[in-house]
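Single-structure report; data block below.
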Amino acid sequence: MLNSEIKIAVIGLGYVGLPLARLFATKYPVVGFDINENRINKLKQGNDETLEVDSETLKSVLVNNIDTLNLDSENQKYSRGLFLTRNVEEIRPCNFYVITVPTPVDRNNQPDLKPLINASEIAGKVISKGNIVVYESTVYPGATEEDCIPVVERVSGLKFNLDFFAGYSPERINPGDKEHTVETIKKVTSGSTPEVAEIVDSVYHSVITAGTHKASSIKVAEAAKVIENSQRDINIAFVNELAKIFNLIKIDTQEVLEAAGTKWNFLHFKPGLVGGHCIGVDPYYLAQKAQEVGYHPEIILAGRRVNDGMGKYIAGEVIKQMINNDLTIKNAHVLLLGITFKENCPDIRNTKAIDIYNELKSYGLQIDIYDPWANPIDIFREYGLSILSEYPENNGYAAIVLAVSHNKFKDINLLYHKQMGCVIYDVKGMLDLTTVSKRL
Ligand SMILES: NC(=O)c1ccc[n+]([C@@H]2O[C@H](COP(=O)([O-])OP(=O)(O)OC[C@H]3O[C@@H](n4cnc5c(N)ncnc54)[C@H](O)[C@@H]3O)[C@@H](O)[C@H]2O)c1
């Protein structure tokens, strides 16, 4: 298949799928499909609630009518652009299917492949001979060929690597990061045959300015992605453990890290909460696969345990500081600054700031949450909590916990509160030392 013959369908238009569909649409005809009608309707108006693609950029590729893409043209006179739909039939004319649906874990931290299986069924319903299905969702090595492709085969009735082919190209974007965007991050590609790997690589290479790295197999590409995030998780767990040790020794972790960081090969990681649906989730995928093949992962799961316990630990530290300041704990009024899973981003899924909230609540504290990035409706739907819409200027808080380092928090004058006897706990090491009572 030549690049000029490529007609792309992107299945799942979230943090990963939308920026990718937008980028592909600058060179190819693209049909973006999502099962969430509300998301499709908002995107059609140029409104991306994840804030990854701004309205002007999105509108510059959007087409209102699928016919303008000329997908049925026999002489490949297709038009570039992005048509959005939740009608499966409208992705049928495509020949290059990219699947970017979520890969969460269930309540027992086991991989939940339901969205991926469902998207594979959708692809199976519409693909025809010669088509390529590329997976981008983060999985364990083997998931594409062992779990997903059999579903595509079953539903389509087509034979893998004879009638249709597959690829895997993991996404590396970092939500909220305007510097490392989809086109400026080198992309790993792979395919189910050497020829297909070449086609997949060439399609991505045509839009990714940072270039591509063609892995030797789909499994290698899958493993590469899942270890990137596992490596970060383990390194953060290590500094979180250091933070607990240094806290007992009564030295400041940030100062230790700053001093150690002057060595050329010291790795720069900071302690903190590990939430979201990547770093805190992907290691469980790797761990599950390891166990399936008879290896019990020690370090990967230890890292997860340490990081998952940080919310509770931080809350305990805040309580100790309050006791030190002779503050009454029961019904004390506390402000939690930040509830999203990371800074400068509206994503609240699997946020660990909620662990701080829950633990403080269990001590009988009254907690206000302020987060200028979080959508109050999403917070209520997901966690049943109401959050303040404005920074509460004049409330006399017993403690303020900065949980997320949104840039907007830099402008808040917390020194005033500290002078009034309030405990200021800085999880992110963002505030000036004179302002804080304690930091992680
Ligand atoms: N968000 C990130 O920072 C990031 C970075 C790298 C990789 N990833 C990986 O990319 C994948 C997608 O993550 P995301 O953050 O974009 O998820 P997301 O939740 O933002 O978006 C997923 C979209 O897929 C849609 N969807 C779900 N099931 C579907 C189906 N069967 N058919 C069509 N649409 C469907 C949802 O409605 C949603 O709009 C995951 O595997 C994730 O681990 C995410």
Side-chain angles (χ1 to χ4, degrees), residues 9-22 31-44 47-53 84-88 90-91 94 97-105 111-126 133-140 143-144 147-148 151-152 155 168-178 180-182 185-188 221-222 224-230 232-233 274-286 340-351 375 378 382:
V10 177
I11 301 178
L13 300 171
Y15 280 87
V16 167
L18 181 71
L20 185 75
R22 194 287 305 168
V31 184
F33 169 83
D34 201 291
I35 49 173
N36 182 341
E37 188 167 12
N38 187 31
R39 173 90 174 139
I40 291 291
N41 290 339
K42 289 204 165 133
L43 290 177
K44 280 186 167 184
N47 176 10
D48 169 25
E49 287 186 331
T50 67
L51 306 181
E52 290 299 299
V53 182
L84 301 168
T85 182
R86 61 152 311 202
N87 176 358
V88 178
E90 291 184 307
I91 57 171
C94 298
Y97 293 85
V98 181
I99 296 183
T100 49
V101 297
T103 42
V105 285
D112 173 7
L113 294 184
K114 281 199 283 300
L116 211 48
I117 298 303
N118 187 258
S120 302
E121 284 170 354
I122 289 170
K125 276 183 201 152
V126 293
V133 185
V134 179
Y135 290 82
E136 286 230 2
S137 304
T138 309
V139 287
Y140 46 75
T144 299
D147 297 285
C148 300
V151 176
V152 182
V155 176
Y168 181 79
S169 179
E171 186 47 72
R172 289 166 153 170
I173 56 144
N174 181 23
D177 186 338
K178 299 298 169 209
H180 302 102
T181 54
V182 56
I185 308 170
K186 191 165 203 159
K187 200 131 173 34
V188 172
E222 289 169 324
K225 168 66 193 179
V226 80
I227 69 159
E228 285 167 21
N229 283 349
S230 302
R232 284 192 68 73
D233 195 43
V274 182
H277 42 271
C278 288
I279 300 177
V281 166
D282 301 348
Y284 287 122
Y285 273 71
L286 185 55
T340 60
F341 97 81
K342 67 176 288 194
E343 63 279 2
N344 307 321
C345 159
D347 197 344
I348 56 157
R349 290 171 301 170
N350 193 29
T351 172
N375 180 335
D378 291 348
E382 192 81 17

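Just so you know, ligand 1 is whichever comes first in the structure, and atom 1 is the first atom listed for that ligand.
Only side-chain heavy atoms of Ile122 come within less than 4.0 Å of ligand 1; its backbone N, CA, C and O stay farther off.
Between Gly14 and Asp34, the shortest heavy-atom contact is N-OD2, 4.4 Å.
Ligand-side atoms of ligand 1 in range of Phe33: 32 (N), 33 (C), range being under 4.0 angstrom from any heavy atom. The contact set between ligand 1 and Thr103, taken as ligand atoms under 4.0 Å from a residue heavy atom, comprises 40 (C), 41 (O), 43 (O). Taking a cut-off of under 4.0 Å to the non-hydrogen atoms of Arg349, the atoms of ligand 1 that pass are 15 (O), 17 (O), 18 (P), 19 (O), 20 (O). Against a heavy-atom cut-off of under 4.0 Å, Asn36 is close to the following atoms of ligand 1: 37 (O). Atom numbering of ligand 1 starts at 1 in the shown order; those under 4.0 Å from a heavy atom of Ile11 are 32 (N), 33 (C). Close contacts between ligand 1 and Ile35 involve ligand atoms 26 (N), 27 (C), 28 (N), 29 (C), 30 (C), 32 (N), 33 (C), 34 (N), 35 (C) [criterion: under 4.0 Å to a heavy atom].
For atom 27 (C) of ligand 1, the nearest non-hydrogen atom from the set Gly12, Pro102, Pro19 belongs to Pro102.
Annotation: atom 6 (C) of ligand 1 to nearest protein heavy atom, Glu171 O, 3.1 Å. Closest to atom 1 (N) of ligand 1, if we only count protein heavy atoms, is His277 NE2, 3.0 Å. Of all protein heavy atoms, the one lying nearest to atom 4 (C) of ligand 1 is Cys278 SG, 3.4 Å. For atom 13 (O) of ligand 1, the nearest protein heavy atom (residue, atom name, distance) is Val16 CG2, 4.1 Å. Summary of contacts: the protein heavy atom closest to atom 9 (C) of ligand 1 is Thr138 OG1, 3.5 Å. The closest protein non-hydrogen atom to atom 25 (C) of ligand 1 is Asp34 OD2, 3.2 Å. The shortest contact between atom 11 (C) of ligand 1 and any protein heavy atom is with Val101 O, 3.3 Å. Ranking protein heavy atoms by distance to atom 3 (O) of ligand 1, first place goes to Pro175 CD, 2.9 Å.
Between Arg172 and ligand 1, not a single N/O pair is under 3.5 Å apart. Between Tyr15 and ligand 1, an N or O atom pair is found at a separation short of 3.5 Å.
With Ser169 contributing its side chain and Val188 its backbone, the two residues share a donor-acceptor pair below 3.5 Å. Thr351 places a side-chain N or O within donor-acceptor distance of the main-chain N or O of Thr340, the cut-off being under 3.5 Å. Tyr140 places no side-chain N or O within 3.5 Å of a backbone atom of Asp282 that could act as its donor or acceptor partner. Although no hydrogens or angles enter the test, the distance criterion places a donor-acceptor pair under 3.5 Å between the side chain of Lys342 and the main chain of Pro175. At distances below 3.5 Å, at least one donor-acceptor pair connects side-chain atoms of Glu52 with backbone N or O atoms of Gly176.
Of the N and O atoms on the side chains of Asp233 and Tyr284, not one donor lies less than 3.5 Å from an acceptor on the other residue. Side-chain polar atoms of Asn344 and Lys178 form no donor-acceptor pair below 3.5 angstrom. Judged by distance alone, the side chains of Glu171 and Thr100 never bring a donor and an acceptor atom under 3.5 Å apart.
The shell of residues lying under 4.0 angstrom from ligand 1, judged by heavy atoms, includes Lys225.
Atom NE2 of residue His277 and atom CG of residue Asn350 lie 9.0 Å apart, to the nearest 0.5 angstrom.
Proximity of Val88 to Phe33: side-chain heavy atoms (C-beta onward) are separated by under 4.5 Å at one or more points.
Put simply, the residue from Ile117, Leu113, Asp112, Asn118 that forms a side-chain contact (heavy atoms from CB on, under 4.5 Å) with Pro115 is Asp112.
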